[in-house]
Amino acid sequence: VTIEAEDMDYKSVSCILDPYGQRSTIYGHSGNGFIETSVSKAGAMRHTIKMKKGGDYNLVIKYNAYSKAGTLDVELNGNTQKADIKLTAKNNWQKVSLPVSLKEGENTLYLRNTAGIKMMIDYIEYVPVGEPVEKFSITINDGKNGKAKANVETAAEGENVSFEITPDAGYEFAGWY
C-alpha cells in the first residue's frame with residue numbers, strides 16, 4: 001500500500017502540489033507533489049490506515065535530503081523508531097525502510113522532523129515482509145543508425161542497468177539525448 005505524502009495530514013511543513021511551478025528544479029517524485037520540511041523541529045505528518053488483518057511489514061519512506069543527514073522519528077501505534085536519513089544529492093531520491101507490525105483495525109503513523117532536517121518526503125509504503133521486489137521490464141528499440149542492448153532484461157528500482165551501444169558502419173555514438 002502506497003500513501004503519497006501530499007495525501008497525509010501535516011503541520012508545520014509545506015505541501016507542494018504544483019511542483020513544476022513551485023519547485024521547478026525538483027524532479028523524480030511520484031504523485032501530485034511532495035511534502036517539504038524545513039529546519040523547524042515541529043514539522044509532522046500523520047496517516048491512519050485500517051487493516052483487515054494485521055501482520056509484519058516494512059515501512060518504506062521515499063525522501064530527498066540534500067542539505068544534511070539526520071533522523072526522522074517514526075511512530076506507529078505508540079511505538080517510536082528513528083529512521084536514518086542520509087544526505088542525498090539534489091533529485092537523488094532515496095528510500096529508508098523500517099520493520100513495523102500493523103494490527104487488525106486502525107493504525108496511526110506519525111512522522112516527526114524532530115532533528116530539523118530540511119528534506120522532501122514523496123511517499124510512504126507498507127510492504128508485507130517476504131513480498132518479492134517488483135521488477136520492471138527493460139525495452140530498447142533500435143535507432144535508425146545503430147543498436148542498443150541492456151545487460152539485463154528486468155531490474156528493480158535503484159538497480160544499475162548497463163547499455164552496450166553499437167553504431168552502424170559510418171556512424172558514431174554521440175551521447176544520450
Side-chain angles (χ1 to χ4, degrees), residues 1-8 10 13-39 43 45 47 57-72 74 82-100 111 113 115-177:
V1 177
T2 301
I3 311 298
E4 293 291 335
E6 63 272 19
D7 295 334
M8 297 173 70
Y10 55 88
V13 298
S14 297
C15 184
I16 308 300
L17 291 176
D18 178 21
Y20 303 106
Q22 295 172 282
R23 302 290 185 276
S24 61
T25 62
I26 303 298
Y27 53 86
H29 55 82
S30 63
N32 295 321
F34 49 85
I35 292 291
E36 184 175 65
T37 67
S38 67
V39 295
M45 301 163 58
H47 182 262
Y57 288 77
N58 288 311
L59 174 67
V60 178
I61 303 167
K62 183 178 175 188
Y63 71 92
N64 188 295
Y66 60 90
S67 63
K68 74 174 188 174
T71 58
L72 186 66
V74 178
K82 295 219 181 264
D84 185 26
I85 302 299
K86 296 185 183 331
L87 181 65
T88 66
K90 186 175 183 180
N91 296 316
N92 184 10
W93 295 83
Q94 297 293 311
K95 293 180 181 179
V96 61
S97 180
L98 297 170
V100 296
L111 302 179
N113 189 24
I117 304 169
K118 184 175 179 179
M119 63 187 281
M120 295 167 283
I121 299 175
D122 187 20
Y123 63 73
I124 62 164
E125 190 172 31
Y126 299 98
V127 180
V129 169
E131 182 175 291
V133 175
E134 183 178 14
K135 296 254 184 179
F136 299 92
S137 296
I138 298 170
T139 303
I140 301 172
N141 296 320
D142 291 338
K144 64 180 182 178
N145 298 311
K147 298 184 182 321
K149 180 179 168 184
N151 67 326
V152 293
E153 292 182 8
T154 63
E157 182 180 359
E159 287 183 350
N160 289 326
V161 177
S162 298
F163 298 94
E164 179 183 324
I165 309 300
T166 307
D168 287 342
Y171 291 89
E172 50 181 76
F173 180 65
W176 297 104
Y177 300 97

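One-based numbering along the sequence shown. The shown structure was predicted, so the numbers you read here are calculated from the model rather than taken from an experiment.
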Q.
Working note: Ile35 + Ile16, criterion side chain to side chain contact (heavy atoms under 4.5 Å, CB included); need CA distance, chi angles, decisive distance, verdict.
A. CA-CA 6 Å; Ile35 292 291; Ile16 308 300; over 6 Å; no

Q | Residue pairs involving residues 128-154 (criterion ring pair (Phe, Tyr, Trp, His ring centres under 6.0 Å); sequence neighbours excluded) | A | none

Q: May I have all residue pairs that pass ring pair (Phe, Tyr, Trp, His ring centres under 6.0 Å) and include part of residues 141-163, sequence neighbours excluded?
A: Phe163-Trp176

Q: Taking the six-membered ring for Trp and the single ring otherwise, decide whether the centroids of Tyr20 and His29 are under 6.0 Å apart.
A: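 Distance test on ring centres: under 6.0 Å, yes.
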
Of all residues at least two apart in sequence or in a different chain, which pass the side chain to side chain donor-acceptor pair (under 3.5 Å) check with [X]?
X: Gln22; answer: none
X: Asn64; answer: Thr88
X: Thr139; answer: none
X: Asn145; answer: Tyr171

Q | Contact list for residues 82-92, test salt bridge (Lys or Arg N to Asp or Glu O under 4.0 Å), sequence neighbours left out | A |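 Of all non-adjacent pairs touching residues 82-92, those that pass salt bridge (Lys or Arg N to Asp or Glu O under 4.0 Å) are Asp73-Lys82, Asp84-Lys86.
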
Q. Going by the salt bridge (Lys or Arg N to Asp or Glu O under 4.0 Å) test, which pairs reach into residues 134-146, not counting sequence neighbours?
A. Lys135-Glu159, Asp142-Lys147

For [X] and [Y], work out which heavy atoms get closest and say how close.
X: Ala89; Y: Tyr66; result: C-CB, 3.9 Å
X: Ser97; Y: Asn58; result: OG-CB, 3.5 Å
X: Ile165; Y: Ala148; result: CD1-CB, 3.7 Å
X: Gly33; Y: Pro19; result: CA-CG, 4.1 Å

For a 4.5 angstrom cut-off between non-hydrogen side-chain atoms, does [X] reach [Y]?
X: Val96; Y: Tyr63; answer: yes
X: Asn113; Y: Val13; answer: no
X: Asn151; Y: Val161; answer: yes
X: Leu111; Y: Ile124; answer: yes
X: Met45; Y: Ile121; answer: yes

Q. Is Asn160 atom CG crowded by more than 12 heavy atoms from other residues, nucleotides or ligands, each under 6.0 Å away?
A.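 No, the 6.0 Å shell around CG holds no more than 12 heavy atoms from other groups.
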
Q) Could you go step by step and tell me if Ile61 and Val74 meet the side chain to side chain contact (heavy atoms under 4.5 Å, CB included) rule? A) CA-CA 10 Å; Ile61 303 167; Val74 178; 4.0 Å; yes

Just to verify, what does [X] make a side-chain contact (heavy atoms from CB on, under 4.5 Å) with, not counting sequence neighbours?
X: Asn91; answer: Ile26, Tyr27
X: Ser38; answer: Ser40
X: Thr166; answer: Glu164

Q) Would you say the side-chain atoms of Thr37 pair up with the backbone N or O of Met119, donor to acceptor, closer than 3.5 Å? A)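 Looks like yes, one N/O pair under 3.5 Å.
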
Q.
Enumerate the side-chain hydrogen bond (donor to acceptor under 3.5 Å, both in side chains) contacts for residues 118-133, please, sequence neighbours excluded, ordered by first and then second residue.
A. Thr2-Glu125, Ser30-Asp122, Lys62-Asp122, Lys95-Tyr123

(Q) side chain to side chain contact (heavy atoms under 4.5 Å, CB included) for Glu4 and Phe34? Distances and angles first, verdict last. (A) CA-CA 7 Å; Glu4 293 291 335; Phe34 49 85; over 6 Å; no

Q. Between atom CG of Asp18 and atom CG of Asn32, what is the distance when rounded to the nearest 0.5 Å?
A.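 CG of Asn32 is found 10.0 Å from CG of Asp18.
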
Q. Say you draw a straight line from CD1 of Ile140 to CD of Glu153; how long is it, rounded to the nearest 0.5 Å?
A. 10.5 Å

